[in-house]
Amino acid sequence: MAVDEKILDLRHRTQAVRLGGGEKAIEKQKAIGKMTARERIETLLDADSFQEYDTFVEHACTDFGMQGKALPGDGVVIGIGTIGGKPVAVFAQDFTVAGGSLGLMHARKITKIMDYALNMRMPLIGINDSGGARIQEGVNALAGYGEIFFRNTMASGVIPQISVILGPCAGGAVYSPALTDFVFVVDNISKMFITGPEVIKTVLGEEISMEELGGARVHCEQTGNAHFFAQSEAECFDQIRKLVATIPASNTQPAERLATVEPKTDTYRIGEIVPADPTQPYDVRDIIRAVSDGSDFVEVMELFAANIVVGFGRIDGETVGFVANQPLVMAGVLDCDSSDKAARFIRFCDAFNIPIVTIEDLPGYLPGVDQEHAGVIRHGAKLLYAYSEATVPKITVILRKAYGGGYIAMNSRHLQADFVFAWPRAEIAVMGPEGAANVIFRKEILAAEDPEQMRQLKIQEYKDKFANPYVAAAKGYVDAVIEPEQTRRCLIQALGVAKRKEALHPKKKHGIPPF
Ligand code: HXC
């Protein structure tokens with residue numbers, strides 16, 4: 001029957017496209033732990049939820065032997081499916097087809113799904129596995145990237161944009177992810193660089209492997225280009241599902257509210273986590289878990305600038321962003337990288353209406369020639385800007401040290417925190433008592449019969465005066481000094497009322513943050 005023939009024809013055509021670059025090319029990918037583009041989509045999304053579009057798109061290039069050359073689907077799969085029932089728009093580049101390289105039609109498929117994502121207000125997930133601009137297509141390929149970058153920028157702050165790097169990604173294939181909100185990488189599979197080892201060898205004579213140049217660890221630990229690290233593609237897709245379940249689908253929709261689950265207080269006893277000795281470290285993530293629903297915490301950029309911790313949890317069923325100094329790493333100081341990391345996270349939370357809970361315990365900004373020359377003024381200013389600009393509910397809890405610029409930068413009352421709480425052990429001062437005594441009592445210490453004894457005396461004097469939360473509380477800079485066990489209750493109450501506020505900025509086109 002004619003209809004059956006047509007259906008068979010459709011199936012035949014679809015099957016041919018689904019084979020991508022052919023069985024041999026697929027085997028080559030599998031041998032290095034990679035899934036095919038469609039397997040990736042199927043693993044990521046809810047079962048049977050994916051509807052593919054533009055399956056039969058073909059390239060239009062005739063140069064450099066491309067005429068008549070079949071590139072199934074032009075090397076990219078696009079469509080819409082769901083994660084936990086929430087619609088998401090997806091594209092996945094197929095490395096078996098011309099190395100996933102981006103030609104004009106390939107780009108048009110991607111921009112089509114980006115337009116759907118933006119117009120229909122759903123997260124965009126791009127699975128990148130591409131050698132970058134398709135060399136044979138010349139300026140048409142570059143035009144394609146330009147169209148993608150423009151859309152990444154327009155969608156920024158409207159819908160969450162997630163990039164997954166699952167292969168050797170070069171050139172434009174890494175600049176589009178760099179414009180998105182979260183970049184996921186997998187050990188030994190993901191590589192990101194603008195120019196690969198071959199070009200570097202030709203131009204500079206330097207030899208370096210792809211892994212050393214732009215492997216997953218390099219981007220998670222050193223460059224800060226990637227936000228989530230996984231050991232396998234399957235683990236990576238689990239991480240993405242968890243993130244999508246936590247964040248809103250757009251800037252006009254709230255994140256899903258879940259039933260409140262009490263923290264695991266047997267494991268995370270908040271009053272016992274912070275050592276009395278202010279020089280002793282502890283893991284601030286234990287504090288976050290002690291106040292979060294179910295003690296769940298989705299950490300973002302765990303391996304980069306670990307002196308600050310950022311990520312998502314829930315309080316009383318609602319998603320919040322945590323920003324916390326980490327006394328376990330460099331005493332939790334602020335530096336260039338931690339300021340960058342936190343500022344960007346704060347801006348994501350603010351754009352998507354996610355309240356920010358700041359947990360503070362830091363000795364200030366990191367002093368040093370390296371930091372000064374690396375631009376700590378500029379980078380540190382990003383944090384001041386991001387907190388000041390944010391209009392979402394902003395709550396701070398000062399656990400222990402809050403010194404100098406660190407005190408101001410970590411969402412102080414002066415940057416318009418909605419509520420500031422301090423534990424009785426908090427020390428709010430311009431600097432630590434030792435440093436302070438050495439500066440302001442230098443003459444007395446030098447002139448003393450026993451300078452060391454005098455130094456200790458003056459340190460104690462300074463401690464008695466300033467190393468507590470009550471001077472700040474007396475001025476109203478701290479709203480309440482609370483017992484540690486009251487922290488979660490105070491956060492629930494503060495978040496509940498702060499979300500009612502209406503915060504307005506002066507009229508402007510946009511601000512000019514210290515990028
Ligand atoms: C056309 C490409 C391609 C590209 C790879 N291929 N990259 N075809 N244009 N950009 C093809 C290869 O010819 C090969 O085809 C197949 O894909 C697999 O590639 P291999 O080299 O065999 O794979 P591998 O050894 O894993 O190396 C992957 C790679 C390498 C590191 C990505 O292919 C590479 O360096 N490619 C070029 C990267 C690059 O310089 N891109 C342009 C960036 S400029 P066959 O037929 O042999 O299977 C850019 C502009 C935008 O993107 C800039 C924005 C600011």
Side-chain angles (χ1 to χ4, degrees), residues 19-37 58-76 91-108 110-111 114 126-153 163-180 183 185-186 188-204 206-216 218-219 225 233:
L19 259 185
E23 269 159 16
K24 254 196 177 154
I26 293 175
E27 270 168 34
K28 203 172 152 193
Q29 296 298 295
K30 297 241 161 176
I32 48 173
K34 291 168 71 172
M35 299 182 192
T36 66
E58 288 175 11
H59 75 85
C61 180
T62 52
D63 297 318
F64 300 105
M66 290 292 283
Q67 189 152 23
K69 193 170 178 181
L71 297 183
D74 207 23
V76 64
F91 71 83
Q93 293 174 310
D94 183 349
F95 196 81
T96 68
V97 178
S101 57
L102 181 136
L104 182 66
M105 297 311 291
H106 179 123
R108 284 208 182 138
I110 293 179
T111 53
M114 293 177 86
I127 302 177
N128 298 269
D129 190 358
S130 165
R134 187 174 298 148
I135 296 161
Q136 298 90 328
E137 296 209 24
V139 71
N140 277 327
L142 299 181
Y145 268 126
E147 298 282 342
I148 291 172
F149 300 158
F150 175 76
R151 283 169 176 78
N152 283 135
T153 308
S163 296
V164 199
I165 308 295
L166 291 180
C169 290
V174 293
Y175 265 127
S176 170
L179 290 166
T180 64
V183 176
V185 289
V186 175
N188 293 317
I189 289 179
S190 313
K191 325 268 186 260
M192 299 168 78
F193 33 75
I194 298 300
T195 50
E198 287 300 324
V199 179
I200 291 181
K201 192 172 166 193
T202 311
V203 178
L204 299 166
E206 291 173 17
E207 289 206 32
I208 188 162
S209 70
M210 267 201 226
E211 191 64 35
E212 288 169 316
L213 180 65
V218 169
H219 288 300
N225 287 327
E233 295 199 5

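One-based numbering, in listed order, for ligands and for the atoms of each.
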For residues 20-33, please give each side-chain donor-acceptor pair under 3.5 Å, one per line with the distance, not counting sequence neighbours.
from	atom 1	to	atom 2	distance (Å)
Gln29	OE1	Lys34	NZ	2.6
Lys30	NZ	Glu39	OE1	2.9
Lys30	NZ	Glu39	OE2	2.6

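A side-chain donor from one of His106 and Gln93 sits under 3.5 Å from a side-chain acceptor of the other. Looking at Ser130 and Asn128, their side chains never bring a donor and an acceptor atom within 3.5 Å of each other.
Contact record, Glu211 with Ala216: OE2-N, 3.8 Å, taken as the closest heavy-atom pair.
The side-chain contact (heavy atoms from CB on, under 4.5 Å) test with Tyr175 is passed by exactly one of Asn152, Ile194, Ile148: Ile194.
Using modelled atom types, one side-chain atom of Thr111 and one backbone atom of Arg108 make a donor-acceptor pair closer than 3.5 Å.
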What are the polar N/O contacts of ligand 1 with the protein below 3.5 Å, with distances?
from	atom 1	to	atom 2	distance (Å)
ligand 1	9 (N)	Ile135	N	3.0
ligand 1	10 (N)	Gly131	O	3.1
ligand 1	10 (N)	Ala133	O	2.9
ligand 1	17 (O)	Gly99	N	3.1
ligand 1	41 (N)	Gly131	O	2.7
ligand 1	52 (O)	Ala133	N	3.0
ligand 1	52 (O)	Gly172	N	2.8

